[in-house]
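None of the values given here were measured: they were computed from a predicted structure.
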Amino acid sequence: MSSNYFSKNRALKKKIDKLKEKRLVNDGFHYPLGIMPDDNSINPIEGVKIEFSSTPLGDMYFYDVCLSSNRSASFFKSILRLFPYYITLVIERSSEDVNRECDILLSDTDISLKEAKRLFSRYEDFWCECGFVGFGVLDESTGFEIFIDSHKEIEITVPSKYTSFVDKVIEMFCLSENDKVVFLSDLEHWHYSLSYLVGSKNNNLDYYSVVNNLKHKYGFKLINESENEIIVLPRWWHVTIKGLGRCKKRSFLITYYLVAETFEEMETLIDNEMNNNGMEYYYIHDYYNVDPKDITEVFHIRKKGSVFNDAQFGIWAETEVVLNNTKNLTSYIINNPNATTY
């Protein structure tokens, strides 16, 4: 049985358990911790809405499931049993990029279903409670997918051959297709992250950092990078590098703010910076575009008096270097020297 992500940190687990004890419950409906209604006079009502569509992969049924929070994890795991042995993981999170509301990430296509179940159980509090992240499993060959979104509503795309199995799970949870179902997303509400609710600035609890740490292991790739309205030209970059120091016994984390017209130019700047500092093993841990007028973090500006908005091509500023002891060199060595994970 896989351990919960918080089981090794008793203080955090205790805080989350206390939040769960105070969870909002109205008319028997348990609200997710990260979703709070603006008005308690109307409550969600459990149920299912089903639509049909013909797609390139065949006939599909689309199930939208409204489920009380105390039952959503069990329902999700019950549907997972219907998937084939190898699947693709899907994560959606609120984006830090100025031009995107969310990041949609797909993993490698050869993740085992056993590993998917383990990952869901280990980070269950993120997927089922945090209002800034969603998680799902996809069989790309058939289009069969289950996804628990940021409202903690469950969306299932079901090929015709699986409908009878899904209907049995629906029946087992005493859900029914009806016009009376009221989704939480239909009501006025607020979203909160789990880290905000716990009052922790620990990166181990922040949904954005947690997803970043999963990206390399499962091969997650951003798939909606070019589908968004351009608010600020993709020219001002926030780039975090993770790598090994020269002694290979310490890992480092550093963030750069730089100016580049394309991803390739940004990558070249980072490569030159690493080579100049003798850092052989590294990878791009995260990157996104920012509004240069909104930079408020503490950093070291390379050219005193310069403003990010007016900076020329190159690295403009950098944060402090964070050093840690390293237990595993594999993630750095396989990225030697230019392969990146993003």
Side-chain angles (χ1 to χ4, degrees), residues 1-26 28-37 67-80 89-94 96 103 105 107 111 113-137 146-154 173 184 189-218 220 242 251 253 285-286 322 324-328 331:
M1 183 176 179
S2 61
S3 63
N4 184 277
Y5 179 69
F6 303 103
S7 61
K8 293 183 180 179
N9 190 321
R10 294 177 64 184
L12 284 179
K13 188 177 186 303
K14 191 174 181 180
K15 288 182 179 180
I16 292 172
D17 288 344
K18 283 187 175 180
L19 283 173
K20 290 179 178 178
E21 290 174 4
K22 299 176 181 178
R23 182 193 304 279
L24 177 63
V25 181
N26 283 337
F29 188 91
H30 293 235
Y31 283 76
L33 296 179
I35 308 291
M36 292 295 293
L67 198 62
S68 182
S69 182
N70 61 320
R71 306 205 301 152
S72 59
S74 297
F75 180 87
F76 192 95
K77 292 174 184 177
S78 296
I79 297 293
L80 281 188
L89 298 171
V90 185
I91 289 179
E92 182 177 304
R93 66 178 178 186
S94 293
E96 296 282 356
D103 297 330
L105 303 114
S107 75
I111 307 299
L113 183 60
K114 181 180 179 180
E115 181 66 10
K117 292 177 180 177
R118 189 196 71 81
L119 185 64
F120 179 77
S121 296
R122 179 167 170 75
Y123 296 94
E124 186 176 305
D125 286 327
F126 279 109
W127 315 136
C128 295
E129 305 287 2
C130 181
F132 282 77
V133 68
F135 177 83
V137 169
I146 182 169
F147 186 77
I148 181 166
D149 67 17
S150 60
H151 293 98
K152 308 312 156 194
E153 296 162 2
I154 298 176
F173 279 79
L184 212 163
H189 63 276
W190 297 90
H191 286 247
Y192 296 93
S193 69
L194 202 56
S195 57
Y196 174 84
L197 293 169
V198 173
S200 172
K201 295 182 179 179
N202 188 329
N203 282 340
N204 291 330
L205 187 59
D206 178 67
Y207 73 94
Y208 203 88
S209 298
V210 168
V211 173
N212 276 346
N213 289 332
L214 294 175
K215 284 195 298 185
H216 176 72
K217 182 175 181 179
Y218 297 101
F220 279 103
K242 195 170 185 178
S251 64
L253 197 70
H285 183 61
D286 189 35
V322 178
N324 295 289
N325 291 327
T326 185
K327 297 179 181 178
N328 184 2
S331 60

(Q) Restricting to ring-ring contact (aromatic ring centres under 6.0 Å, His included), what partner residues turn up for Tyr218, sequence neighbours left out? (A) none
Side-chain polar contacts of residues 130-137 - donor-acceptor pairs under 3.5 angstrom, sequence neighbours left out - could you list them?
none

(Q) Can you give me the closest heavy-atom contact between Ile111 and Leu89, atom names plus distance? (A) CG2-CD1, 4.1 Å
Q. Rounded to the nearest 0.5 Å, how far apart are NE2 of His189 and NE2 of His151?
A. 3.0 Å
Q: Mind checking the CZ-CD spacing from Arg122 to Glu115? Nearest 0.5 Å is all I need.
A: 10.0 Å
(Q) When you compare the side chain of Lys152 with that of Leu184, does any pair of heavy atoms fall below 4.5 Å? (A) no
Q | Which atom of Asp286 lies closest to which atom of Arg93, heavy atoms considered | A | OD1-NH2, 3.8 Å
**Q.** Separation of Trp127 CH2 from Asp149 CG (nearest 0.5 Å)
**A.** 13.5 Å
Q. Is any side-chain heavy atom of Lys242 less than 4.5 Å from a side-chain heavy atom of Asn213?
A. yes
Q) Are the side chains of Lys13 and Asp17 in touch, meaning some heavy atoms are under 4.5 Å apart? A) yes
**Q.** Beyond-backbone contact of Asn26 with Tyr31, side-chain heavy atoms, under 4.5 angstrom
**A.** yes
Q) What's the shortest heavy-atom distance between Asp206 and Phe126, and which atoms? A) C-CE2, 4.2 Å
Q: Using atom types as modelled and distance alone, determine if a side-chain donor or acceptor of Ser121 lies under 3.5 Å from a backbone N or O of Arg118.
A: no
Q. How many angstroms lie between atom CD1 of Ile91 and atom OG of Ser107, to the nearest 0.5 angstrom?
A. 8.5 Å
Q) Within a strict 4.5 Å, meaning less than it, do heavy atoms of the Leu214 and Leu119 side chains meet? A) yes
Q) Taking C-beta and beyond as the side chain, do Glu92 and Leu105 meet within less than 4.5 Å on heavy atoms? A) no
Q: Compare every heavy atom of Leu197 with every heavy atom of Leu33, then report the nearest pair and how far apart it is.
A: O-CD1, 3.3 Å
Q) Could you give the distance from CG (Leu24) to CE (Met36), rounded to the nearest 0.5 Å? A) 5.0 Å
Q: Measure the shortest side-chain to side-chain distance between Ser193 and Tyr208 over non-hydrogen atoms and say whether it is less than 4.5 angstrom.
A: no
Q.
For a 4.5 angstrom cut-off between non-hydrogen side-chain atoms, does Phe120 reach Cys128?
A. yes
(Q) My understanding is that only residues two or more places apart in sequence, or in another chain, count here; which of them pass side-chain hydrogen bond (donor to acceptor under 3.5 Å, both in side chains) with Ser68? (A) Asn70
(Q) Nearest 0.5 angstrom please: Asp103 CG to Lys215 NZ, how far? (A) 7.5 Å
